[in-house]
Amino acid sequence: MEDRRTLIADSAIEVVARDGVRALTHRAVDSEAGLPSGSTSYYCRTRAQLITLTVDRLISLLRGFVEVSGIQELDSSDADDVLSTLTSMVDGLLADYRGELAARWALIVELTGEADTTDLVASLLDPSDLASALDAAGLRDPASAALDLLTVFEGLVWEHALGRLAGQDVDTARDAGLLGSALARHEHRGPRNLFGLRR
């Protein structure tokens, strides 16, 4: 039974990623999953339940990716390690999670104002995932730096997946430079600024 629910959720993600949230119907999910008509409505009686199942599955998949990335456990005095992990995450997301990313963004836009999208927004990466690593790297205000870094990270992932950089080879050095620029304005606790640059 749980396998069937997972199949339905994964198929719903595919429908949303390809055709948008408006196309998410029980019939469309049955067709995408190759299930007999009425199968999805057996597990999700309403469209709201189907959306909830889809959102929960997206959160689970993306948070699982974040946990495997190692960013939450990163304990380094070198901010370059943080940037290297983040650029690796961009590569991994683009390689394996393009559909999930497209579905996530579509659902955030569609549900804003109608439902709490906090968990969906935080599913990819949350400031708290970065703050301890930036604290270890010596930033005076790691929470603020984490938010700046996350803003650039989300923009990079969007542009690579669906925006102006879609279809182009990923330039990891360029991405690391852009991510690093988000940190450059933040004060370092030690005698050196990030990347060994003196103030």
Side-chain angles (χ1 to χ4, degrees), residues 9-10 13-14 16-17 55-108 117-190 192-197:
D10 289 343
I13 290 169
E14 289 294 324
V16 173
V55 167
D56 289 347
R57 177 68 173 156
L58 269 174
I59 291 170
S60 174
L61 289 169
L62 292 173
R63 288 310 296 174
F65 172 80
V66 170
E67 289 168 14
V68 169
S69 75
I71 192 72
Q72 295 164 315
E73 291 81 32
L74 194 60
D75 185 13
S76 172
S77 60
D78 187 353
D80 285 333
D81 291 342
V82 177
L83 300 183
S84 176
T85 301
L86 288 175
T87 54
S88 294
M89 288 178 70
V90 171
D91 285 343
L93 286 164
L94 295 172
D96 299 322
Y97 291 90
R98 279 183 191 264
E100 288 82 355
L101 293 170
R104 172 182 176 259
W105 289 315
L107 283 161
I108 289 170
T117 58
T118 304
D119 289 341
L120 193 55
V121 169
S123 64
L124 183 55
L125 204 57
D126 189 70
S128 64
D129 295 324
L130 298 170
S132 62
L134 295 177
D135 184 46
L139 276 86
R140 285 199 191 277
D141 187 357
S144 175
L147 187 56
D148 286 355
L149 189 56
L150 181 56
T151 300
V152 176
F153 177 81
E154 285 271 4
L156 271 175
V157 174
W158 165 268
E159 291 293 352
H160 281 304
L162 297 172
R164 289 171 283 253
L165 300 175
Q168 296 181 22
D169 290 338
V170 175
D171 183 343
T172 55
R174 178 180 177 275
D175 288 354
L178 289 169
L179 290 163
S181 69
L183 296 181
R185 72 182 193 90
H186 289 275
E187 188 176 352
H188 195 263
R189 286 193 303 264
R192 297 182 304 131
N193 192 6
L194 292 169
F195 320 117
L197 299 175

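Computed from heavy atoms alone, side chains included, the values below leave out hydrogens, waters and symmetry copies. We're numbering straight along the sequence, starting at 1.
The backbone N or O of Ala17 lies less than 3.5 Å from no partner atom in the side chain of Arg98, so there is not a single donor-acceptor pair. Side chain of Ser69 to backbone of Val66: a donor-acceptor contact under 3.5 angstrom is found. Looking at Ser123, its side chain does come within 3.5 Å of a backbone N or O of Leu120 through a donor-acceptor pair. Of the possible polar contacts, one joining the Asp129 side chain to the Asp126 backbone as a donor-acceptor pair under 3.5 Å is found. Checked by atom type and distance alone, the side chain of Arg140 never pairs as donor or acceptor with a backbone atom of His186 at under 3.5 Å. A donor-acceptor distance shorter than 3.5 angstrom exists from the side chain of Glu159 to the backbone of Arg164, with no hydrogens or angles considered. A distance-only check finds a donor-acceptor pair linking the side chain of Thr151 to the backbone of Leu147 [under 3.5 Å].
Going from atom CG of Leu86 over to atom CG of Asp175 covers 10.5 Å, rounded to the nearest 0.5 Å. Remark: Asp119 CG to Leu62 CG distance equals 12.5 Å, nearest 0.5 Å. The distance from atom CG of Leu124 to atom CE of Met89, rounded to the nearest 0.5 Å, is 6.5 Å. Between the CZ atom of Phe153 and the CG atom of Asp148 there is a distance of 15.0 Å, given to the nearest 0.5 Å. Atom CG of residue Leu74 and atom CG of residue Leu130 lie 9.5 Å apart, to the nearest 0.5 angstrom. One finds the CD atom of Glu100 at 7.5 Å from the CG atom of Asp10 (value rounded to the nearest 0.5 Å).
Annotation: side chain of Val90 is not in contact with side chain of Leu93 (no heavy-atom distance under 4.5 Å). The side-chain heavy atoms of Leu134 and Asp141, taken from C-beta on, include no pair separated by under 4.5 Å. Counting only heavy atoms from C-beta outward, the side chains of Val157 and Arg104 never approach each other to under 4.5 Å. Taking the side chain as every heavy atom from C-beta outward, Leu149 and Leu83 approach each other to under 4.5 Å. Considering only heavy atoms from C-beta on, Leu165 stays 4.5 Å or farther from Asp171 through its side chain.
When all heavy atoms are compared, the tightest approach of Val16 to Ala106 is CG1-CB, 3.9 Å. In this structure, Pro127 and Ala146 approach most closely via the heavy-atom pair O-CB, 3.5 Å. Ala161 and Trp105 make their closest contact through CB-CZ3, 3.9 Å (heavy atoms, listed as atom of the first residue, atom of the second, distance). Closest non-hydrogen pair, Leu94 versus Val170, comes out as CD1-CG2, 3.6 Å.
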